Amino acid sequence: MRPLLAEPLAGALLWSLVTIGFYWGAKRLHRRWPHWWLSPLMVTPLLIGGVVLALHAGYRDYIGGTRWLVLLLGPATVAFAIPIYEQRGLIRRHWPVLLIGMVVGSATSLLTSWGLATLVGLDGALRLSLLPRSISTPFAMEMSGDIGGLPDLTAVFVVITGIAGAAMGDLILARVPIASALARGALFGIGAHGAGTARAHQIGEVEGTVAGLVMVLVGLLNVLAAPLLVHLLR
Amino acid sequence: MSASVAHTARYLRRSPPMQIALQVMLVIGFWLLGEALVRLLGIPLPGGIVGLAILLALFATRRLKARRLRRGAQWLLADMLLFFVPAVLAVLDHRELLGLTGLKILFVILFSTVSVMIATALTMEACQRWRAAHAPAPR
């Protein structure tokens, strides 16, 4: 098994097929039983990790064959132009409130991540990798590299944030009465990016639209603010 | 012969999978353009963001219709999760996360996320109330 896998092309084919296959299966599973703990975000990496370990391979072998999938996050970022443009009416009507929400949300995220990490004794690249975890992955990995974190680790933290945030958003809304659909949507979009947006779409149309929109805009805001943050961290 | 080739080409261009594939390739083209500009001009931004800005500018000046790219964009965005699954496997190289460090990280993520959600929602709720109170009176 080992010599065959060491062939770059065979490795790329095998790992890509394993990744796409498990992802496709996990999506079908989640459609059938839509529990948060069956989210494809969680199930797919677990299954692939099992295969990697079973074949006595390592992360290096695996990522060597699947790096092209991660590269597609670039075009995915570009694709956000379409929903942003189509929601321009909503932006024009509510931009002051949206902007205030995004600035407050981002500042809270950066400050509490930094503060809590320091409190429990995490530092160095680990603490920096935690900073951009509240934004959508393509933006988060970009920002993590910019500020001196480890983009791969940030991707892991982003996933945990999304899964936990989508579940906790419901608990928060059950206890804190929020009348404005705009605020309910932003809670999910800024707090739990993609997974939160999916949940917000189930709550209501306005909530889902706002969540998707602020998710993109807050990602942009953070990447643009990264050079400033680097300056502050020095 | 050439007529049937043209016919087939037209048919393929109109078929939904082909349309999506062409649109996705166009989006990838804008990403490559963004990457090229970033490298050539030394812009301190990710190439994807520059590609996004170019697209927005083209939409706003009506040189390109957002509708012409919608299906391809939807396809890329709907399955975006797949694109970062490989990056998540980085945990395999960080066994230290399985112990106490992992619990600490979980603590930071959970409490920070709850704070972000509550702070964001309450701030925007207050803004909306203020706006409603100061809105011009309805006729």
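Chain letters run A, B, ... following the sequence lines, proteins first and then strands; every chain starts at 1. None of the values given here were measured: they were computed from a predicted structure.
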| task | Heavy atoms only, distances under 4.5 angstrom: which of A:V78, A:L73, A:V156, A:I178 has the most pairs with chain B? Name it, please. | result | A:V78
| request: Check each atom of A:P83 against the heavy atoms of chain B and say whether the ones under 4.5 Å are side chain, backbone, both or neither. | output: side chain
| request: Can you tell which part of A:A192 gets under 4.5 Å to a heavy atom of chain B, answering side chain, backbone, both or neither? | output: both
| field | B:E125 side chain vs A:S180 backbone, donor-acceptor pair below 3.5 Å | value | yes
| 4.5 Å side-chain heavy-atom contact, B:I105 and A:F157 | yes
| note | When rounded to the nearest 0.5 Å, the distance separating OG1 of B:T123 from CE of A:M102 is 13.0 Å
| Note, A:V104 side chain near B:L122 side chain (heavy atom, < 4.5 Å) | no
| By a 4.5 Å heavy-atom criterion (distance strictly below it), what part of A:V97 contacts chain B: side chain, backbone, both, or neither? | both
| Contact part of B:L77 toward chain A, heavy-atom cut-off under 4.5 Å: side chain, backbone, both or neither? | side chain
| request: With a 4.5 Å cut-off on heavy-atom pairs, point out which of A:P40, A:P75, A:A107, A:A79 contacts chain B the most. | output: A:P75
| CZ (B:R129) with more than 12 external heavy atoms under 6.0 Å | no
| Sub-4.5 Å side-chain heavy-atom contact between A:T66 and B:V85 | no
| Proximity breakdown for A:L71 and chain B, heavy-atom pairs closer than 4.5 Å | both
| message | Once rounded to the nearest 0.5 Å, what's the spacing between atom CE of A:M141 and atom CZ of B:F83? | response | 13.5 Å
| message | Side chains of A:L187 and B:M124, heavy atoms from C-beta outward: is any pair under 4.5 Å? | response | no
| Closest heavy-atom contact between B:T113 and A:G165? | CG2-CA, 4.0 Å
| message | Is A:V52 close to chain B through its backbone or its side chain, or both, or neither, when contacts mean heavy atoms under 4.5 Å? | response | side chain
| Measuring heavy-atom distances to chain B, does A:I172 have an atom under 4.5 Å in its side chain, in its backbone, in both, or in neither? | side chain
| task | Report yes if the side chains of A:L150 and B:H94 come closer than 4.5 Å at any heavy-atom pair, otherwise no. | result | yes
| query | Quick one: does B:T120's side chain get under 4.5 Å of A:T108's, heavy atoms only? | reply | no
| field | Interface moiety of B:L106 toward chain A, non-hydrogen atoms closer than 4.5 Å | value | side chain
| note | One should read off an interatomic distance between A:T77 OG1 and B:W31 CH2, to the nearest 0.5 angstrom, of 9.5 Å
| note | Honestly, the part of A:L53 sitting under 4.5 Å from a heavy atom of chain B is side chain
| CG on B:L110 to OG1 on A:T161, rounded to 0.5 Å | 8.5 Å
| message | Out of A:R60, A:R184, A:H94, return the one with the most heavy atom pairs under 4.5 angstrom to chain B. | response | A:H94
| remark: chain B shares the most heavy-atom pairs under 4.5 Å, among A:A155, A:G101, A:G74, with A:G74
| Less than 4.0 Å between a side-chain N and a carboxylate O, is that true for A:E86 and B:R70? | yes
| said: Given heavy-atom pairs under 4.5 angstrom as the criterion, report whether the side chain, backbone, both or neither of A:F139 touches chain B. | reply: side chain
| Say you draw a straight line from OH of A:Y85 to CZ of B:R67; how long is it, rounded to the nearest 0.5 Å? | 11.5 Å
| field | Region of B:A57 in contact with chain A, defined by heavy-atom distances below 4.5 Å | value | neither
| query | In terms of heavy-atom contacts, does CZ of B:F111 have more than 12 from other residues, nucleotides or ligands at under 6.0 Å? | reply | no
| task | Among A:I48, A:V176, A:V103, A:T154, single out the residue with the greatest number of heavy-atom pairs under 4.5 Å to chain B. | result | A:I48
| message | To the nearest 0.5 Å, what is the distance between CZ on A:F80 and CG on B:L56? | response | 12.5 Å
| request: Answer yes or no: is there a side-chain heavy-atom contact under 4.5 Å between A:I82 and B:L55? | output: yes
| query | Are any of the side-chain heavy atoms of A:L72 and B:I28 separated by less than 4.5 Å? | reply | yes
| request: For B:Q128 and A:L182, indicate whether the former's side chain and the latter's backbone hold a donor-acceptor pair under 3.5 Å. | output: no
| said: Quick check on the interface: out of B:A90, B:G48, B:A73, who has the most heavy-atom pairs with chain A under 4.5 Å? | reply: B:A90
| task | Report the C-alpha separation of A:R133 and B:S112 in whole Å, then their side-chain angles, then the decisive distance to 0.1 Å, and conclude whether the side chain to side chain donor-acceptor pair (under 3.5 Å) test is met. | result | CA-CA 10 Å; A:R133 45 140 262 285; B:S112 173; 3.0 Å; yes
| request: Locate the shortest heavy-atom distance separating B:V116 from A:G191; write the atom from each residue and the value. | output: CG1-CA, 4.1 Å
| Counting heavy-atom pairs under 4.5 Å to chain B, which of A:L122, A:I63, A:V223, A:D146 comes out on top? | A:L122
